[in-house]
Every structure is written in structure tokens, then in C-alpha cells.
Colleague: 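Structure below; questions to follow.
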Amino acid sequence: MDYNFKAIEEKWQKYWKEKEIYKVDIDHGKPKFYVLDMFPYPSGAGLHVGHPLGYIASDIYSRFKRLQGFNVLHPMGFDAFGLPAEQYAIQTGQHPALTTENNIKRYREQLDKIGFSFDWSREVRTCDPKYYKWTQWAFLQMFRHWYDNKTNKAEPIGNLIDEFEKNGTKNIDASCTEQLIFSAAEWKNKSEKEQQEILLNYRIAYLADTMVNWCPALGTVLANDEVKDGFSVRGGHPVVQKEMKQWSLRISAYAGRLLNGLDTIDWTESLKEMQRFWIGRSEGAEINFDIINTNKKLLIFTTRPDTIYGATFMVLAPEHEYVDEITTSEYKKDVNTYREETKKRTERERMAEVKKINGQFTGACAFNPFTKQNIQIWISDYVLAGYGTGAIMAVPAHDSRDYAFAKHFGLPITEVIAGGDISQGAFDSKDGVVINSEIINGLVAKDAIVKINDEIEKMGIGKRKINYRLRDAIFSRQRYWGEPFPIYFKDEIPYPVDEKNLPLELSEVDVYLPTEKGEPPLGRAKNWKNADGYPYELSTMPGFAGSSAYYLRYMDPHNDKELVSKKADEYWRNVDLYIGGAEHATGHLIYARFWNKFLFDLGLVCEEEPFKKLINQGMILGVSELIHSITPYFLKDQPITTTYNYIWCNGIYEIKDKNGNKIDAEVYYSADMADEVLTNLNHLEDKDKTKMIKFNIPIYCTQDHTLFDFISFKKWRGNFSPTYSVFVCKDGYWIISGYNDKITKENWYPLNPKNNNSGNFFTTPIVEKLSKSKLNVIPPDNTYNEDGSIKQEGIIEKYGADTLRMYEMFLGPLEQAKPWDTNGIEGVHKFLRKLWRLCHGKENNFSVSDGEPTKEELKILHKTIKKIREDIENFSFNTSVSAFMICVNEFTDLKCSKKKIIEPLVIILSPFAPHIAEELWNQLGNKESICNAKFPEYDENYLKENTFNYPVSFNGKTRYNLELPMGISNEEIQDTILKHELSQKWLDGKTPKKFIIVAGKIINVVV
RNA sequence: GCCCAGGUGGCGGAAUUGGUAGACGCGCUGGACUUAAAAUCCAGUGAUCAGCAACGGUCGUGCCGGUUCAACUCCGGCCCCGGGUACCA
């Protein structure tokens, strides 16, 4: 073999490791540069080809910066707490710490094979107690602080207590859950418990009632994506919305700063836009409406107080605390029915179904303080409890949703802004003059808002208000595999664990399931209480807890005295370049910014924004395979006789095999007949409840969109599947039975034994993101069967890491999503071989010559240096790979392998393909690693052109090309064009109206 | 639904500021070398019409319309696909 990538890559990976080439320390002699990747969650499926995409990009950038003389911090670690490990633990009984450890080992092995320049001495793992000590520590700081709107920062809770003792709430302007008013005397008269409850109202980490997806059958809270159509995805159990006490972080206090901070950072506009929308600043007013026949006031928030004369009814979220109290006896039953229905739907479903108008009158009315009319109070799905105050004044003439609602229920519509046609639809625009509105008539909306706000404040019924959609982050998870809260409860009041007792380590449990009482798994732990016998919190922290400040730990990872030392923080400051997926836009990237701002308020970090520049790598999409089944509803004994005449229910119901024996089975349908099966169902009773369901199955069970390895499918289904699985094909059916090790070989039952042909069971392919949850991951390296034989050959083994690195970059623009497809990989590999051959000739002897390069050769080299440099700076790595290919093709054509050309070429290639570059660098006689070389500068003088081959167009259409010297005048060009024989045809005897000449670009003749 | 991104040959993509659409690579077709294969090299390759020929014509960047000497690029409207939508990470 000429280019022996295997030997080269192993050799240099070993060398880099032994010489600690990538270890960095604080070095005030060099400018720092901090390049960070979003660290991976080590799933059991291993690293897939999507992960390295961003890592390769950041590695190229890191190596480039290093070649430019920067001291580059480029660390890596693992986001190791999370749901999948816990699910696996539930299924197998293995401790998640153990499986996580194994997964990390596998990830590390895979990462090492790709030749990244990570400084592994700085590795962090979020599940390591030495690490989560600081996650817990930060949480305690949030518990011990409150947000003062006057100083606009977090302040110690002690200050607040002092103020309560002196003046009560009089001078307090705090971010809090509920506005409280009490005097100093009242404060002092409160019991300890009452005082602690009040403080929770102010703490940045606080306990509050929030809505969760509760699954009674599983005894646990589910994530939204674990719920579909009101049922749990696993097991199909009903899920309801339930109120539960949960830890929350008062991120809403930081909404304004999170919004303004966006203007100071170099992120893509689209990402900033997403965060701006997520934060959702809106200026408006809070207004109280009296509720008729009660002494209650209904507080609403509106951005359009100018339309208050058009407010003809009110709508509350079905969960609004007033609903029970105000509903009249006549409507109790209907309201309760409606609320029960709502409870079954997640918030996302409620938002998604705006076209289905529904709601319920409560029987109560409110008083519109401006029109002096009584207006009805309704409840409806489209008002969400978490937004604003959970109540709106509906202005059907000027809000589309209110309009649809009013039309549907026959509620009055009053036009108050001229300019639309309210018989046709709502006029939502603010461009119009106010009418039918007494005191603000004739004003444009903008002025009307000012005037009506003044009036509202004068009347004492409300005030101007800036509202943010950003909600406080719910910080409790009813799970085991996460950071324990350093909190114990005394008399139901939470108290912080003393900092010197951190970390509070996760306790062992017998099984990773909720207790019978429905407590989180930690409820099973023995002695889960402090030295005084007070019980610890049973929930754990969510996934984003550990990832919110990890970039700070990398600066000083072994410090057990501080989260990060001042020295390290002041040198490394913040992340200069952060690369990761756009799917984190509104999760991690907001939480981390919040977390950092909080630490900034405490003076612990010197930069207010953690990530200066951010690039989103696009997702690598893969092909997933879906299997078809039918919703479980239909209970009947059905003999399997023919494919179409009978439909089997899916689920654990009785079905008979062809011998008439009852079997306990689930049934799947081949994709080519699934629709037909569903159609056949239509004549059956209960057909409305029948639905086709499709779900992802592991792609390793499939081949060419066919389920081909039934045994591994059955193993994957595991305990979620009944004993038998029936796979119905057009020409027969397969029956597989048993669990795990006791799965029978597949049995094929053709419908017509004489015509025993295919038995192909088709699945439906779809292109979607590579993800463990989609079961479609493709690893970059070999995967092995249990017996040690190769299951699938990886790219690294087949082509080498340098090829993988360059190919992933070659796939397309970094930021765009692209499907994974190995078709083009040969071309990239060929390029590296070509480079090798350029330096080694046909005989594979290193043969680089010492001659002086020609002008032409220097031009190619400097053109490439310039291009590569610009491309790296623009993160346009796909075009760099093309440029390298063109360059090597050109030198091959010129048979140029001069040292003065090859040496700089190898340096600029080294960020992309470090192994081959290091090898060639070494062969060129260099003793030090190429990592310590200097990135060459290009010389503009070599790039100058004397002539330009102009495209000549007539009326914008290119007709011919013409080589002209650079720098000649437009008149000369015009003359040459007019005389040119090819021009005659297009001028057709006419005189040109106009010449457009862009020097060095184009000539256009307008005829 | 809402927010964000994207749509260019058979495929991945290029065209960085409105200036030659299809760079580079894959695939495919034909050829050279070879006993043969692999490897390597050479030529062709958007569609279509016409032709003995060619620096031939026309069309062509999701769809419809607009601005401009000139539009993949800018503007308006629509369609499709992907991500997120607050407990997947």
C-alpha cells in the first residue's frame, strides 16, 4: 500500500499523546483563544457520524489558531446525566453510573481515533461528584440570592431579610412569584415557617407549584416528547396535567439582560432572533377588571390597551385559579368537563390546534371599566396559564384568535380601529385611527396607547407593564440519574445543605423506578436524610444543570476550592468560539447565559456573556425506518388465515396461529400493505378509534427498507413486547416468539405454500436527524457482533481518520443540515493518496526536490493559502477541501514536488488532515510537531493577473468571451467590442444604447 | 399553529458584495494501460431543439409575480422539507 493511513495515524496519535502536544496552561506570553464544543451525551449507541461534524470544524479552527500563535484551550468532556441511561437502568437493572462509564469509554476510544487536539487533562463529566459539587454549589448560591430590580442584579437573601425587618416590603422591588405587601412588624410576627415560605417567593432557586405531565400508571412525570395524544409513548398509559411542587430557577428576572446581551455577542442573527422571540418582550398594560357579583378583580395583560373599548368578553386559561370560584352553578358541570378535556392535552398540542375552536362560558361576567358593559367570562384552551396572567380581554375585532372565537360562539364584535372590514375578519394592524372609544377617538393607535395607559393608571385599575414570555426554568426532575439537590426539609420547609458538606452524593437505590406512593426513585434510598434526620429532596436536577457552567470548569478543572479560580477565569475569560447544534438555541444556550450572568452578579466570573461567537453546525440527517401497526382497541380472537380478510389488533390480545392455538401477540404490517389494512378496517365497528401508528425501529434490523433481522428487532422490543410478534406481509406472515436469549428462529407462514417466495416485510424510510431516539445512528468506526466479528466496517478503518475528517467537511456547508451518504468518500480519499504520490512518486520513495518554484507554482500555492485562510475564517470548510483538491491536481499536472511548495502546503493542510500532514512534515526533515509550525502568509504579488477573460453579454445574456488586458479604459473596451466580428450578429445593425463595464467582472451591451 | 433555517444536474454541493449558473467530488458513458482485475490516467456528462459542422438556438437555481442593463442572490405572495416549541440532550 502506498499511503498507509493506518500506520501513520496510529503513529502520530501515539506521539501526540506521549508528548502531551495538546496540553495547555496559562501563558501570559501568548494571546488566549478558547474553542469549545458542545459536549456529548454518551449514549449507549456510541458516537455517530453526526457528532464529529462540529468537533472536526472546531478542531480545524483550533489548530489554525494555534498555527497563528494563539494559546488555544480546546477541551472536551461528557454530559453524562440523563434519561436514556436511566431508562436503560430500569430495563436492565444495571447502575447508570456503570453503563455511563462504559459509554464514555467507548466515546473516548472513538474520539481518539479521529485525531482531535483536545486537552484531555481537562476532561469533565457532569455525573462525577467532584464536578457536580459545583453544580450543587451554584444551585445553593441561587437559593441564597434574590433578584433586586433596583440594582438589577442578584443580591444576598440576607439583605432582603434585613430590609423586611426594617421596612417590610415598602422599598422592595424584587423579581418574585407573587407581589407581597407587609410591614416590618408583620414580618417580625410571622413564624419561622411563614418567613421561610415568604423567602421562597424571592429566592432565585425556589419551590413553586407547576403543571406537569403526570402518568398515574407509571407513577412518574413524563417529558412532552414522551407523551403523544394524551398517552405515554412507552406503554400507552393515559397522561394528565397535574400540579406539582417543583424547584424552579427565576430566569425570568434576567429576561431583560438576556435580551440586551444578545446585542453584544457574535451569533447568527437567526439564532439571536430565536432567543429574542423566546424571551418575548412585550410592552403593554396590566388591567384589573371587576368580576360582577363578587369582590374579585380579574388581572389581565394586554399589548393593545388602545382596543379596550372593543373588549367584548374575557377568556381565562382553563387552569386559572379563579375558574372554580367564579363559575356559576348552572355551568359547573360543563366547565368541569371542559377542564378535564384540557388536562389530557399538553401545552404544545393546545397551541398547535388553534384551528379547532373550543371553549366554555363560566356563567360569570366582568365589568369593562371603559364601556361600562358587563362582558362574559369564558375559559378556553387558547389562553395558556403560563403566559401573561393566564387571562385576556378579548377584542374580537382586532385579534384573529379572538375573532374566530367570537364568530364561533356568537359573541359581540365591536370595531374600535378603523381601516379593516370586520365582517370579513379581524383587523390586527396598529395602522389605523381609533373609533367608538370616547376618550381616545381619532387618535392613531400608538398615541391612543399612551393616553389610555395614563388613564388606566389615573383610575388606579392597572399599570404599564413590560411582560416577558420567558418562563422560569423548572428545575426538578422526578428521576434518579441527575444531580441531587443539596436541600433537606424541616417542617416541609426547604433548607440548604451546608456548603462544606458538598457534594451531596447520589444514594444507591434497589430499582430505578418511582416508589409506590409516586415519589421519585430517591424515595427508595436508605438514609436519604441529613445528620439530624431531616429528609433530603427526592427529585434531581435536569439535564441542563450540569451543562450550564461546564465551560468555566474546563478553565480550572481540578480546583476543589472554587468553581473556577480568579486567575484562570481572568486569563481564559470566556469562550471565543462555541460550536454546537442549533437545537440548543432556546434550551442550553439560554440557561447557560442566565447561569453565567448570575455568577457574574456574584463577582465570580469576569465576563457577562459566556460565548462570544457561536456557530451552529447543521445536523447530519440519516435515514430512519418506520414500522407500521394499528392502535390497540379491537379485542377479538382472530385466526390468521389470509392477509386481508381479517385484521388483527395490535397489543396483548389473543390471536390464534394457523394451528388454532391462542397466542399472545403484537402485530405489524408491511409498509406496502399497511394502508390497505387500514382501509379494510373501515367497515368495522369502532373504526373512528382506529389509527395507523408508525414508529422508529433500529436501522440495524433493516436492509433496503426491509425488516430483515427479526431476532434483533425482537431483542430490541424486549419487555415492551408480548411473547409473539406477528409480521404480516403481502404473501404471508412471520411469527417470532420469546424474549432476549430465548427467541425462536423466525418462522415463515406463506399464504400460498406453493408460491413460497419473498416474505419481504417492508418498512418506510424517512430522512431525519441522526439520533439515538430515532434509532438510526451510523458510527464512524467498526461495530462488532457479540462474537467479535465485524458487524459493519467503519470509515475510519476503511479510509482513515484524515479521510473521515475531510469528508465530513466536504459534505457541505457546516451550518446546513445534510443527509449522510458515503458515496463521495472515495474522492476525498483519492485526494489524500494523490498528495501522497505527489511527494513519493510511483515507487513510493519520499522524493521532494529542492528546486526554486516557478512563478506559476507560486501563484497556485499562494492562491491556495489565501483561499484556505479565508475559508477557515468564514467556516467554509467544504470549499477548502475543494481548493486543496484543485491545488494538488494542479501540482500533479505540473509534476511539482518542490520542498518550498510542499512544506507550506502541508502546514495549511494540517488542521484538516493532521496525521498525513504530520507524517509529511516529519519526512521533510522537521523535528518538532507540525502543530508548532507557523501558518504561512500569502503574497498578493504572486496573485496579480495581467489580463481578464471577459464574458461579453448582450442584453444580459453571455454570448462570447474576450481576453482583454487589465487596466485598459472603458472606451478601448467599447471600441474592441464594437469591432469584434461576433458582436455583429447580436447588434444586428443597431447602435448599442448603453455599455455596462465592470472592470474584472463583466461587459454588458444593451441593444 | 408559532419561531428559525433550507429548496440549484442522477447525487453532495460551488457561485464570499446583484455580474460567465453547475467549481470540486461522486455516479454514469467511452477510451488508454493490463492475460485479467484492482489501481492509475484521458475524454464526455443540466435539459431540449437543430445540424455535415460550430465560439449554434431555446429553456433552466421549488412555484407565481415584481425591481434591474443584469437576479440562485433583492422585494411581495405561495408550496414543500428540516429543527425548536420550555421534562430528549
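Protein chains get the first letters and strands the later ones, always in sequence-line order, with residue 1 at the start of each. All values derive from a computational prediction rather than experimental measurement.
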Colleague: Step through it carefully: locate the ring centre of A:Phe544, locate the ring centre of A:His588, and say whether they are under 6.0 Å apart.
Modeller: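 No: the rings miss the under 6.0 Å criterion.
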Colleague: From the set B:C87, B:C69, B:G19, return the single nucleotide nearest to any side-chain atom of A:Lys1001.
Modeller: B:G19
Colleague: Could you give the CH2-to-C1' distance, from A:Trp820 to B:C11, as a whole number of Å?
Modeller: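 Going from A:Trp820 (CH2) to B:C11 (C1'), I get 15 Å.
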Colleague: Can you check the distance between B:C64 and B:G1, where both ends of the measurement are the P atom (answer in whole Å)?
Modeller: 24 Å
Colleague: Rounded to the nearest 0.5 Å, how far apart are OH of A:Tyr480 and CG of A:Leu513?
Modeller: 12.5 Å
Colleague: Give A:Ser476 one of three labels, base, sugar-phosphate or nothing, depending on what nucleic acid heavy atoms sit under 4.0 Å from its own.
Modeller: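 Since a base atom lies under 4.0 Å of A:Ser476, the category is base.
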Colleague: Where the side chain of A:Ala223 is defined as all heavy atoms beyond and including C-beta, which of B:C88, B:A86, B:U16 is the nearest nucleotide?
Modeller: B:C88
Colleague: Which one, B:U40, B:G19, B:C87, comes nearest to the side chain of A:Arg837?
Modeller: B:U40
Colleague: With no hydrogens and no angle check, just 3.5 Å: does a side-chain donor-acceptor pair link A:Thr540 and A:Glu483?
Modeller: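 Not at all, the side chains of A:Thr540 and A:Glu483 share no donor-acceptor pair under 3.5 Å.
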Colleague: Return the value, rounded to whole Å, for the distance between atom CG of A:Leu832 and atom C1' of B:U40.
Modeller: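 The answer, rounded to whole Å, is 17 Å.
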Colleague: Within the 4.0 Å heavy-atom criterion, would you say A:Asn213 contacts the bases, only the backbone, or no part of the nucleic acid?
Modeller: nothing
Colleague: Between A:Glu870 and A:Pro819, who's closer to the 5' end of RNA chain B by nearest nucleotide?
Modeller: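 On the 5' side of the pair lies A:Pro819.
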Colleague: When the distance from CZ of A:Arg125 to P of B:A89 is rounded to whole Å, what number comes out?
Modeller: 19 Å
Colleague: Any luck finding a side-chain donor-acceptor pair between A:Asn103 and A:Tyr41 under 3.5 Å?
Modeller: no
Colleague: Rounded to the nearest angstrom, tell me the gap between atom CG in A:Asp37 and atom C1' in B:A89.
Modeller: 15 Å
Colleague: Sticking with atom C1', work out how far B:G12 lies from B:C28, rounded to a whole angstrom.
Modeller: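 Taking atom C1' in both B:G12 and B:C28, they lie 16 Å apart.
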Colleague: Looking only at atom C1', what distance separates B:C81 and B:G27, rounded to whole Å?
Modeller: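 Per the computed distance, 24 Å lies between those C1' atoms.
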Colleague: Parallel, tilted or perpendicular: which describes the rings of A:Tyr550 and A:Phe39, with under 30° parallel and over 60° perpendicular?
Modeller: parallel
Colleague: As a test of reading the structure: which of B:C87, B:C4, B:A70 is closest to the side chain of A:Asn1004, going by heavy atoms?
Modeller: B:A70
Colleague: Report which part of the nucleic acid A:Leu271 touches: base, sugar-phosphate, or nothing (heavy-atom distance under 4.0 Å, all strands).
Modeller: nothing
Colleague: Rounded to whole angstrom, note down the P distance from B:C80 over to B:C63.
Modeller: 15 Å
Colleague: Give me the distance, rounded to whole Å, that separates B:G62 from B:A14 when you measure between the P atoms they each carry.
Modeller: 14 Å
Colleague: Would you name the heavy atoms of A:Ala205 and A:Leu249 that are closest together and state the gap between them?
Modeller: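 Heavy-atom minimum between the residues: CB-CD2, 3.8 Å.
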Colleague: For A:Phe475 versus A:Ala545, what's the shortest heavy-atom pair and its separation?
Modeller: CZ-CB, 3.6 Å
Colleague: Checking contacts here: which listed nucleotide (B:U16, B:C87, B:A89) is nearest the side-chain heavy atoms of A:Tyr591?
Modeller: B:C87
Colleague: With a cut-off of less than 4.0 Å, is there a side-chain N or O of A:Arg477 near OP1 or OP2 of B:C87?
Modeller: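 Yes, within the criterion.
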Colleague: Starting at atom CD of A:Gln617, determine the distance to atom P of B:A89, rounded to an integer number of angstrom.
Modeller: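 To the nearest whole Å, that distance equals 18 Å.
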Colleague: What interatomic distance, in whole Å, is found between P of B:U73 and the corresponding atom of B:A21?
Modeller: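 Looking at atom P only, B:A21 and B:U73 are 14 Å apart.
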Colleague: On RNA chain B, does the nearest nucleotide to A:Gly543 precede the nearest nucleotide to A:Ser270 from the 5' side, or the other way round? Give the residue.
Modeller: A:Ser270
Colleague: How far, in whole Å, is B:A70 from B:G60 if one measures between their P atoms?
Modeller: 15 Å
Colleague: Rounding to an integer number of Å, can you tell me how far A:Gln275 CD sits from B:C2 C1'?
Modeller: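 About 17 Å, once rounded to whole Å.
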Colleague: Please classify the nucleic acid contact of A:Pro813 as base, sugar-phosphate, or nothing, using heavy-atom distances under 4.0 Å.
Modeller: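 Counting heavy atoms under 4.0 Å across all strands, the contact made by A:Pro813 is with sugar-phosphate only.
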Colleague: Determine yes or no for a side-chain-to-main-chain donor-acceptor pair under 3.5 angstrom, with A:Glu537 supplying the side chain and A:Phe485 the backbone.
Modeller: no
Colleague: When you look for runs of 3 or more Watson-Crick or G-U pairs in a row, both distances below 3.5 Å, which of them include RNA chain B?
Modeller: B:1-4 with B:82-85, B:10-12 with B:24-26, B:27-32 with B:40-45, B:46-49 with B:56-59, B:62-66 with B:74-78
Colleague: A:Val998 has a side chain; which of B:A86, B:G19, B:C88 sits nearest to it?
Modeller: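 Side chain of A:Val998 sits closest to B:G19.
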Colleague: Just confirming the chi classification of B:G9, syn or anti, using 90° around 0 as the syn window.
Modeller: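 Syn conformation for B:G9.
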Colleague: Determine: side-chain N/O of A:Arg833 to OP1/OP2 of B:U40, distance under 4.0 Å, yes or no.
Modeller: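 A:Arg833 to B:U40 OP1/OP2: side-chain N or O found under 4.0 Å.
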Colleague: For atom P, what is the distance between B:C88 and B:G84, given to the nearest Å?
Modeller: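 These two P atoms come out 10 Å apart once rounded.
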Colleague: Could you state the interatomic distance from CE (A:Met885) to OG1 (A:Thr879), rounded to the nearest 0.5 Å?
Modeller: 12.0 Å
Colleague: Report yes if at least one side-chain N or O of A:Arg959 is closer than 4.0 Å to OP1 or OP2 of B:U58; otherwise report no.
Modeller: yes
Colleague: Verify the distance criterion only: is there a donor paired with an acceptor across the side chains of A:Ser539 and A:Gln478 at less than 3.5 Å?
Modeller: yes
Colleague: Where the side chain of A:Gln246 is concerned, which of B:U20, B:C87, B:C88 is the nearest nucleotide?
Modeller: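 For A:Gln246, the side-chain atoms sit closest to B:C87.
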Colleague: Got a second to check how far A:Leu814's CG is from A:Phe875's CZ, nearest 0.5 Å?
Modeller: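 Here the interatomic distance stands at 8.0 Å.
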Colleague: Starting the side chain at C-beta, find the nucleotide from B:C87, B:U20, B:A89 nearest to A:Gln478.
Modeller: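 Nearest to the side chain of A:Gln478 among the choices is B:C87.
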Colleague: For the CZ atom of A:Phe277 and the CG atom of A:Leu259, what is their distance to the nearest 0.5 Å?
Modeller: 13.0 Å
Colleague: Taking CG from A:Leu384 and P from B:C2, how many angstroms apart are they, rounded to a whole number?
Modeller: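 For the pair A:Leu384 CG and B:C2 P, the rounded distance is 14 Å.
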Colleague: Report yes or no: do A:Tyr55 and A:Gln617 form a side-chain donor-acceptor pair below 3.5 Å?
Modeller: no
Colleague: For nucleotides 23-28 of chain B, list the nitrogen or oxygen atoms of the protein found under 3.5 Å from its nitrogen or oxygen atoms, one pair per line.
Modeller:
{"residue": "B:A23", "atom": "N1", "partner": "A:Ser882", "partner atom": "OG", "Å": "3.3"}
{"residue": "B:G25", "atom": "OP1", "partner": "A:Asn889", "partner atom": "ND2", "Å": "3.1"}
{"residue": "B:C26", "atom": "OP1", "partner": "A:Lys830", "partner atom": "NZ", "Å": "3.0"}
{"residue": "B:C26", "atom": "O2'", "partner": "A:Asn823", "partner atom": "O", "Å": "2.8"}

Colleague: For A:His584 and B:G84, what is the distance between atoms NE2 and P respectively, to the nearest whole Å?
Modeller: 10 Å
Colleague: Looking for any heavy atom pair under 4.0 Å, which part of the strands does A:Arg276 touch: base, sugar-phosphate only, or nothing?
Modeller: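 A:Arg276: no heavy atom of the nucleic acid under 4.0 Å.
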